[in-house]
Structure formats: structure tokens, C-alpha cells
2 protein chains.
Amino acid sequence: METPPFTSKQTELACLAKALAHPARIAILEVLRQRQACYCGDIVEELPLAQATVSQHLKVLKDAGLIQGTIDPRRSCYCIDPEGWARAHQLLGDWWTDYEAPAGPRCCE
Amino acid sequence: METPPFTSKQTELACLAKALAHPARIAILEVLRQRQACYCGDIVEELPLAQATVSQHLKVLKDAGLIQGTIDPRRSCYCIDPEGWARAHQLLGDWWTDYEAPAGPRCCE
DNA sequence: AGTTTTTATCGTATATTTGCGATGGATATG
DNA sequence: CATATCCATCGCAAATATACGATAAAAACT
């Protein structure tokens with residue numbers, strides 16, 4: 001598709017948003033935040049999706065740096081990646097708070 | 001695709017994230033935050049995209065409630081929707097801060 | 001060695017997103 | 001009235017995303 005030139009910050013933000021842009025992935029992150037031990041199978045049980053699909057969503061989150069998982073082939077254990085999570089949190093937070101309330105009258109009314 | 005049952009909050013968050021999941025839309029929001037008068041043509045000039053494409057992205061943002069535009073057919077004027085923006089900001093903020101630092105040792109190490 | 005359990009990956013089908021040229025409608029301007 | 005401007009929308013093509021069954025690999029267990 002050859003995405004044209006955007007700021008790297010704009011691209012980063014969009015990528016982060018894309019990782020969050022599916023209810024299943026939001027749900028997975030919520031599960032990981034509540035539990036301590038997070039085997040893939042446990043997560044599959046919590047979601048109304050097939051194992052292959054969950055595995056795919058986990059990969060998206062991992063590629064986005066939001067979670068980390070051991071490569072133990074017996075039972076894959078996932079958890080929030082603290083560094084990635086903090087980075088994402090700050091990235092988003094900065095962006096939103098860059099803009100403060102419009103206060104005055106809007107331009108198009 | 002028949003998306004299976006997720007929380008309405010999870011779905012809302014995912015929808016919001018989807019609206020932000022493209023650098024062009026991030027860029028558009030940034031333009032709208034800086035300028036006062038935001039005619040469609042002005043936005044097109046700022047972006048490396050065709051007018052039709054920009055119009056499409058504007059529609060996505062409008063459907064997400066993040067921006068509003070007058071229907072004046074002469075020159076369409078867009079701006080941030082203060083209510084929608086605040087709602088989105090809070091939705092995201094709440095979700096992120098629901099989870100505080102992991103502190104202790106992680107489960108999968 | 002065979003079996004079971006767990007999970008990543010492949011292949012495939014379907015749906016959605018993205019981008020853009022072309023079109024049309026509405027309005028101003030000559 | 002003819003023409004120019006501005007912009008939403010249509011239609012199409014290409015790229016991605018989503019879902020899942022099937023398969024494979026690795027380890028534990030018999």
C-alpha cells in the first residue's frame with residue numbers, strides 16, 4: 001500500500017491503536033492484568049474464540065510490545081510487558097493531553 | 001464475521017482504537033487541534049493523500065464521534081467534537097489506569 | 001516407542017480497510 | 001446561463017485483518 005510519509009510518532013501511535021483495535025485483544029489484556037499465571041489455554045477458555053485465533057491475537061499483542069511470553073513449548077506463559085506497557089501508556093497519554101479543552105467557541109457552528 | 005460476545009466497554013474501546021489506528025487519522029486530528037478554521041481543502045493540503053481518501057478518513061473520525069462537521073455544502077468545516085473527545089479521553093484513561101504497575105516479579109520468567 | 005497435552009503455524013475463506021479516479025450536486029462567479 | 005470550486009459518494013482494485021480447521025513440534029507420561 002506504500003503508506004506515504006507521516007511522522008514516526010504518528011505511525012507509532014497508529015500502530016499502538018491498531019493493536020488495541022479488537023475487542024478480543026482488549027479482553028486478553030484484561031485477563032493478563034487480573035491473573036498472575038497466564039497460560040495460553042487459560043486465556044482461550046476465557047474467550048469465545050478458537051485456540052488458533054487466540055494465538056494469533058497474542059502474536060499481535062506481542063509484536064506490539066504490550067505483552068511478553070516465554071518460549072517454553074510445553075505451556076506458553078504470557079504476561080504484560082511492563083516496559084512496553086509503560087511506553088504505550090505514556091505515548092497515548094502525552095498525545096491526548098497535548099490538547100487541552102477547546103473552551104472558546106468552535107470554528108464550525 | 002459475527003463478532004462473539006464481548007463487554008460493551010471492550011467493544012467501545014476497540015472501536016475508539018480502530019478510529020485512531022491510521023497515521024492519516026492521527027495527523028488529521030492533530031491538524032484540527034492546531035487550527036481554528038478547518039476546511040476540508042486545508043486538511044487535504046496538509047496530507048499526502050487524495051481528496052477522496054481524506055474525505056473517507058474524515059468520515060471515520062466523524063462516525064467515531066471524535067470530530068464534527070457542518071453540512072454546509074459550499075465549504076465543509078470540521079473541528080474536534082469536545083464532548084466526544086472528552087468521552088474518548090476518559091474511556092481510554094480509565095482503562096489504562098485500571099492497571100497499576102506490576103511491581104512484583106512477573107509470572108513468566 | 002506410543003500417547004497425550006499444549007500451543008504455534010499453515011492454508012484458506014471471508015470480511016474489512018485503504019486508496020483513488022470519476023461522478024454528481026450545490027453554490028458561487030463571470 | 002456557462003463555468004469553476006469544493007467536497008461527499010460511488011465503484012473498483014489491492015492489501016490487511018479475522019476466524020478456524022488441520023497440522024506439526026515439543027515435552028511429559030505410560
Side-chain angles (χ1 to χ4, degrees), chain A residues 1-6 10-11 14-28 31-32 35 37-64 66-79 107-108, chain B residues 1-6 10-11 14-28 31-32 35 37-64 66-79 107-108:
Chain A
M1 206 174 321
E2 177 100 33
T3 322
F6 288 107
Q10 289 169 341
T11 306
C15 285
L16 171 58
K18 195 177 288 189
L20 299 176
H22 195 290
R25 292 198 286 272
I26 298 285
I28 289 174
V31 170
L32 290 185
R35 300 193 167 215
C38 304
Y39 296 116
C40 177
D42 299 336
I43 302 169
V44 171
E45 279 179 11
E46 301 270 358
L47 300 185
L49 292 172
Q51 179 265 322
T53 308
V54 172
S55 225
Q56 213 165 241
H57 283 304
L58 284 168
K59 183 166 166 36
V60 173
L61 290 172
K62 197 172 178 183
D63 289 346
L66 288 170
I67 67 176
Q68 59 187 182
T70 60
I71 325 275
D72 177 1
R74 181 78 185 118
R75 313 188 77 194
S76 294
C77 182
Y78 287 95
C79 65
C107 64
C108 43
Chain B
M1 206 176 320
E2 177 99 34
T3 322
F6 288 107
Q10 289 169 342
T11 306
C15 284
L16 171 58
K18 194 178 289 190
L20 299 176
H22 196 290
R25 291 197 287 270
I26 298 285
I28 288 175
V31 170
L32 291 185
R35 301 193 167 215
C38 304
Y39 295 116
C40 178
D42 298 336
I43 302 170
V44 171
E45 278 180 11
E46 301 270 358
L47 299 186
L49 292 171
Q51 177 265 321
T53 307
V54 172
S55 226
Q56 214 165 241
H57 283 303
L58 285 168
K59 182 166 167 37
V60 173
L61 290 172
K62 197 172 178 184
D63 289 344
L66 288 169
I67 67 175
Q68 59 186 184
T70 59
I71 325 275
D72 177 0
R74 180 77 187 120
R75 314 188 76 193
S76 293
C77 182
Y78 287 95
C79 64
C107 64
C108 45

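Letters go in sequence order (proteins before strands), and every chain restarts at 1. Note that the structure is predicted; figures quoted are calculated from it, not measured.
- Residue Thr53(B) places at least one side-chain N or O closer than 4.0 Å to OP1 or OP2 of dC20(C).
- Atoms CG and CD1, from Leu32(A) and Ile43(A) in turn, are 4.5 Å apart once rounded to the nearest 0.5 Å.
- Taking the side chain of Gln56(A) as heavy atoms from C-beta on, and the options dA8(C), dG21(C), dA19(D), the nearest nucleotide is dA19(D).
- Remark: C1' of dT18(C) and CG of Leu20(B) are 17 Å apart, rounded to the nearest angstrom.
- Ring planes of His22(A) and Phe6(B): perpendicular class, angle over 60° (limits at 30 and 60°).
- Distances shown here put a side-chain N or O of His22(A) below 4.0 Å from the OP1 or OP2 atom of dA19(D).
- A close approach under 4.0 Å does not occur between any side-chain nitrogen or oxygen of Arg75(B) and OP1 or OP2 of dA26(C).
- For dA8(C), one of the phosphate oxygens OP1 or OP2 lies less than 4.0 angstrom from a side-chain nitrogen or oxygen of Ser76(A).
- For the pair Leu47(A) CG and dA19(D) C1', the interatomic distance rounds to 13 Å; values are reported in whole Å.
- Note: CG (Leu58(A)) to P (dC20(D)) measures 14 Å, nearest angstrom.
- Taking only side-chain nitrogens and oxygens, His57(B) comes nearer than 4.0 Å to OP1 or OP2 of dG19(C).
- Per the geometry, CD1 belonging to Ile28(B) stands 14 Å off C1' belonging to dC7(D), to the nearest Å.
- Expressed to the nearest 0.5 Å, how far CG of Leu16(A) lies from OG1 of Thr11(A) amounts to 12.5 Å.
- Asp63(A) has its CG atom 15 Å from the C1' atom of dT16(D), to the nearest Å.
- One can place CG of Leu49(B) at 14 Å from C1' of dG21(C), the figure rounded to the nearest angstrom.
- Between Tyr78(B) and dA8(D) there is a side-chain N or O to OP1 or OP2 distance below 4.0 Å.
- To the nearest angstrom, C1' of dT6(C) lies 8 Å from CD of Gln51(A).
- Between Lys18(A) and Gly41(B), the residue anchored closer to the 5' end of DNA chain D is Gly41(B), taking for each the nucleotide with the nearest heavy atom.
- Taking atom OH of Tyr39(A) as the reference point, atom P of dT7(C) lies 9 Å away to the nearest angstrom.
- Among the atoms of the strands shown, only primed sugar atoms or phosphate atoms (P, OP1, OP2) are found under 4.0 Å from some heavy atom of Ala50(A).
- With hydrogens and angles ignored, the 3.5 Å screen pairs no side-chain donor or acceptor of Arg25(B) with any backbone N or O of Leu61(B).
- Scanning both residues, Gly69(B) and Tyr78(B), for their nearest heavy atoms gives CA-CD2, 3.8 Å.
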